[in-house]
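Quick notes on the structure that follows.
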Amino acid sequence: MEFAFTDEQAMIAETVQAFFKDNATSERTRAAMEADGIDRELWTAFCTELGLAGVGLPEDFGGAGLGMVEFAIVAEAAGAQVAALPLLGLATAARAIAAGGSEEQKAQWLPRLVSGETIAASQGIHGLTVAGNTLTGDVQFVPHGASADLFVFIGDDGAWIVRKDMPGVSAISHTTMDQTRPLATVSLAGVEAEPLADAAAARHALQAGAWICLAAEALGGAQETLDRTVAYSLERVQFGRQIGSYQAYKHRLADMMVDIEQARSAVYWAACAVDEGSDEAQLALHSAKSFCADTYFMCAGNMIQLHGGIGFTWEHDTHLFFKRARSILSMYGNGDWHREQVAALIMGEAA
Amino acid sequence: MKLGFSQAEEEFRAECADWLQSQLNGDFADIKGLPGMNSMIERRKDWEQRLAENRWSVIGWPEEWGGRNATIAQQVIFAEEYARAGGPNRANHIGVELAGPTILAFGTEEQKAKFLPGIANGTQIWCQGYSEPNAGSDLANVRTKARLEGDEWVVNGQKVWTSLAHYSDWIFVVARSEEGSKGPKGLTFLMMDMHQPGVEVRPIKQINGDAEFNETFFEDARCPADSLIGTPGDGWRVAMGLLAFERGVSTLGQQMGFRNELDAIIEAAKANGLAKDAIVRQRIAKAEIGLRLMRYGALRMLSNADTAQIDGAALTYKIQWATWRRDLGELAMDVLGQAGEIAEGEEYEWSALPNMFLFGRSDTIYGGTNQIQRNIIAERGLGLPREPRGDK
């Protein structure tokens, strides 16, 4: 029974938390939001100086080894500061290539993804015209899609690598509610995509990477909203008392903590289950994505309410958390869909 | 970080499971899966003795007092296998989980020799005299009085919500021993014999028609002067130490019971077609997720050697399970529909799920209401200021 961080894991957590706290500042994140939603200096430092971009990826191809528990620790710390980074693209594309790519594909792409030289994005494809490996149509809602050099697209019939510079590929960036992760529409006009060797393995790895990344970001974000709101409620005085001494405040903050502690169990249960190849892995992944996204949104909403008027302003960072939380709810399957998967696992299909 | 147990721990699990299943499918099949706390008390005492003969009754205790010095992991495994095998609610759970550990931690050698064997083998059943009509969540408001007369304490007052007092042999009582003292000062922690003149127990009929709780009245009831734990006036510290024993390993066994309740709801939904209903599926999935997160939350708390790191998190468990189970009761009734409104026999007797729905309303009250739990989490877990108090 060792469901607690090892010394090495605790050290990684301390390192990444300090890194994002020091570097993913509000000013820098807001500057990135004005541009394409990526703090490039931060991304380069994360990939090259911190050396943790390769966590959970094979060492033969420039990865750092380790597993999803360590990756979750990283994503949790990045999410806590709403860092403007293409981490989700790395979590999905690199993992899909590592799991489903040929040796050549791995050798060609993994070192460049891990070094930060290539920025990746992923999405499931629906309604595209697929003829062999020729893809035609629009892929919607691709996170950081306008900035990516490389796409991994997953459909029912296969999984493909598409390079931004391939003939027939274009991307339009949208103004997105969460400006730290803008969405793009990627148009494919008869693109000769490069198939991944094992599409099923790629899909599985991509989904696990996405769900753990988002759940861990949500956990980190939720904890940060709680910490910041507690700090505010100790500092702000109304009617002659710190507002944190009022029961109406305390009970909401306590409810946040109750759900956050469950979210923490959910993230690390899912990450461990994937690393150990447990039978419970699918159940744990669906549980973690749905529970953590709900928790983050509840906490971020409370953060606004408990900050009062200042919490509704553009100047305050509350809205960064709130918008990130809202976007996580919708990404890679909403809560209802994930819970339906849980229901199917424990009681069979609906119909 | 790992989910699983070691090879040696899995071997221990097999040993527990084999023994428990052989007993509960053999000599003790009549009390396998027995619901509630109130029925077949004599058979459940026999069961405590059988457990004790094989050193399974108090496995976390030191060997000299009948235990196995079991590790936390072994205690977790035993609790899980006990529930999985359909072990009945432990007749003496207050003795085993609260009184015994308190005596082990704070008692004298004489007190250990006097009380621990009877607790370990279930021949002396214990109950807990904390709450009073005016001191429920506000335990420091205790008014039951104890005064020293010669070589005896004389106790007068009333306790309430005393679980299982009607078949208990001993009670531990928090009483005010210093005239005029207020709050947590001047309280003394006494161990008293229930079978004496001046102790009267009146069962309280509950909303489910059952009566596990009681009022307990003390009128010049007595115990020897050395029946106290700690020192006179030191009762608050002992009582708080005892509450700390309440959270821990037993939660894993409790969750096996929850598992059975959720499975029964899933079976009912499959039987009446609601298992295909999208909204019911969402609610069952939420319940399933909540149950899993309780398990991994408990394992996280118990795995972490650095208690400072998890103390705050551990405070969240009571409100988590109590709220989850209250919601489970509501889900059960929605799945059963009107079938859940009909009692089992001619009396006001309920089958497991409707009974759980009714009983679940107490889960969010006893042991500190959800509201008190939120205050505790906010003040101790998050460091928020205390609410100003009316009496200061």
Side-chain angles (χ1 to χ4, degrees), chain A residues 1-6 9-10 69 226-227 230 233-234 241-242 244-247 249-266 268-269 271-273 275-276 278 280 283-284 286-288 290-291 335-336 338-351, chain B residues 1-6 9 71-73 76-77 266 269-270 275-278 280-286 288-290 292-300 302-306 309-310 312-317 319-320 323 371 373-379 381-388:
Chain A
M1 200 177 75
E2 299 164 45
F3 195 45
F5 284 165
T6 62
Q9 287 162 347
V69 169
L226 176 59
D227 293 347
V230 165
S233 76
L234 291 173
R241 278 161 62 182
Q242 291 163 294
S245 69
Y246 289 98
Q247 216 170 49
Y249 259 79
K250 290 159 107 164
H251 284 196
R252 276 217 193 181
L253 293 165
D255 285 340
M256 289 162 73
M257 182 164 171
V258 170
D259 279 13
I260 288 167
E261 288 304 328
Q262 293 174 77
R264 195 178 309 285
S265 303
Y268 291 100
W269 170 37
C272 272
D275 284 343
E276 294 173 21
S278 158
E280 287 184 352
L283 185 73
H286 294 302
S287 298
S290 57
F291 191 90
D336 289 342
H338 282 285
R339 282 186 292 272
E340 173 52 36
Q341 308 312 305
V342 169
L345 285 166
I346 60 172
M347 55 201 278
E349 298 297 328
Chain B
M1 187 172 242
K2 280 193 209 130
L3 293 178
F5 290 85
S6 72
E9 286 162 349
T71 63
I72 296 281
V76 164
I77 288 166
I266 292 172
K270 283 182 176 169
K276 296 186 191 309
D277 180 90
V280 169
R281 290 171 73 80
Q282 288 287 316
R283 290 175 67 189
I284 288 175
K286 274 191 184 172
E288 178 77 30
I289 293 167
R292 301 285 182 147
L293 298 188
M294 276 191 256
R295 179 166 198 271
Y296 289 104
L299 290 178
R300 200 158 59 82
L302 293 167
S303 294
N304 211 316
D306 181 1
Q309 279 207 355
I310 49 99
L315 297 174
T316 65
Y317 187 70
I319 194 169
Q320 188 187 330
T323 307
Q371 288 65 38
Q373 295 295 334
R374 289 189 179 99
N375 283 358
I376 292 171
I377 293 165
E379 290 170 11
L382 296 171
L384 291 163
R386 293 188 66 157
E387 186 99 2

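Convention: sequence-line order gives letters A, B, ...; per-chain numbering from 1. For the numbers below, each heavy atom of this structure counts, side chains included, while hydrogens, waters and symmetry mates do not.
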Q | Per-residue contact mode, A:Ile260 against chain B (heavy atom under 4.5 angstrom) | A | neither
Q) With a 4.0 Å cut-off, would you call B:Arg300 and A:Glu261 a salt bridge? A) yes
Q) Side chain, backbone, both or neither: which part of B:Glu387 has an atom under 4.5 Å from a heavy atom of chain A? A) both
Q: Check each atom of B:Leu382 against the heavy atoms of chain A and say whether the ones under 4.5 Å are side chain, backbone, both or neither.
A: both
Q: Check each atom of A:Gln247 against the heavy atoms of chain B and say whether the ones under 4.5 Å are side chain, backbone, both or neither.
A: both
Q | NZ/NE/NH1/NH2 to OD/OE distance under 4.0 Å, B:Arg292 and A:Glu280 | A | yes
**Q.** Atom pair OG1/CZ of B:Thr316 and A:Arg264 - distance to nearest 0.5 Å
**A.** 10.0 Å
Q. Which bit of A:Val69 is near chain B, if near means a heavy-atom gap under 4.5 Å: side chain, backbone, both or neither?
A. side chain
Q: To the nearest 0.5 Å, tell me how far A:Met257 CE sits from B:Arg374 CZ.
A: 14.0 Å
Q: Fit a plane to each ring of A:Trp269 and B:Tyr296, take the angle between them on a 0 to 90° scale, and name the class: parallel (under 30°), tilted (30 to 60°) or perpendicular (over 60°).
A: parallel
Q) Is it the side chain or the backbone of A:Tyr249 that comes within 4.5 Å of chain B heavy atoms, both, or neither? A) neither
Q | Contact origin within A:Gln262 toward chain B - heavy atom pairs under 4.5 Å | A | both
**Q.** Proximity breakdown for A:Arg241 and chain B, heavy-atom pairs closer than 4.5 Å
**A.** side chain
Q.
If I measure from the heavy atoms of chain A, does B:Gln282 come under 4.5 Å with its side chain, its backbone, both, or neither?
A. both
Q: Mind checking the NZ-CD spacing from B:Lys276 to A:Glu349? Nearest 0.5 Å is all I need.
A: 10.0 Å
Q. For B:Gln371, is it the side chain, the backbone, both, or neither that has a heavy atom closer than 4.5 Å to a heavy atom of chain A?
A. both
Q) Side chain, backbone, both or neither: which part of A:Leu283 has a non-hydrogen atom closer than 4.5 Å to chain B? A) side chain
Q) Under a 4.5 Å heavy-atom cut-off, does chain B meet the side chain of A:Phe291, its backbone, both or neither? A) side chain
**Q.** Taking every non-hydrogen atom, the tightest pair across A:Ser265 and B:Gly297
**A.** OG-CA, 3.2 Å
Q: Return the option, out of A:Leu345, A:Asp275, A:Val230, A:Asp255, with the maximum number of heavy-atom pairs under 4.5 Å with chain B.
A: A:Asp255
Q. Mind checking whether B:Ile289 and A:His286 have side chains closer than 4.5 Å, heavy atoms only?
A. no
Q) For B:Ile266, is it the side chain, the backbone, both, or neither that has a heavy atom closer than 4.5 Å to a heavy atom of chain A? A) side chain
Q. So does A:Lys250 pair up with B:Glu379, basic N to acidic O under 4.0 Å?
A. yes
Q: Identify which part of B:Lys270 has an atom lying under 4.5 Å from any heavy atom of chain A, answering side chain, backbone, both or neither.
A: side chain
Q: Could you grab the distance from atom CD of A:Glu2 to atom CG of B:Leu299, nearest 0.5 Å is fine?
A: 12.0 Å
(Q) So which atom in A:Ser233 and which in B:Leu384 form the shortest heavy-atom distance, rounded to 0.1 Å? (A) OG-CD2, 3.3 Å
**Q.** Side chain / backbone / both / neither for A:Thr6 at chain B, heavy atoms under 4.5 Å
**A.** both
**Q.** Min side-chain heavy-atom separation A:Glu340-B:Arg281 under 4.5 Å
**A.** yes
**Q.** Portion of A:Ala271 that has a non-hydrogen atom of chain B nearer than 4.5 angstrom
**A.** neither
Q: Return the option, out of B:Ile77, B:Ile284, B:Asn375, with the maximum number of heavy-atom pairs under 4.5 Å with chain A.
A: B:Asn375
Q: Could you look at A:Leu234 and say if it's the side chain, the backbone, both or neither that has a heavy atom under 4.5 Å from chain B?
A: side chain
Q.
Taking every non-hydrogen pair under 4.5 Å, which of B:Gln373, B:Gln320, B:Lys2 racks up the most with chain A?
A. B:Lys2
Q. Is chain B contacted by the side chain of A:Gln341, its backbone, both, or neither, given a heavy-atom distance below 4.5 Å?
A. neither
Q. Do you know which of A:Asp259, A:Val258, A:Leu226, A:Asp227 has the most heavy-atom pairs with chain B at a distance under 4.5 angstrom?
A. A:Val258
Q. Where does A:Gln9 contact chain B at under 4.5 Å (heavy atoms): side chain, backbone, both or neither?
A. side chain
Q: Could you tell me which portion of A:Ala288 (side chain, backbone, both or neither) has an atom closer than 4.5 angstrom to a non-hydrogen atom of chain B?
A: neither
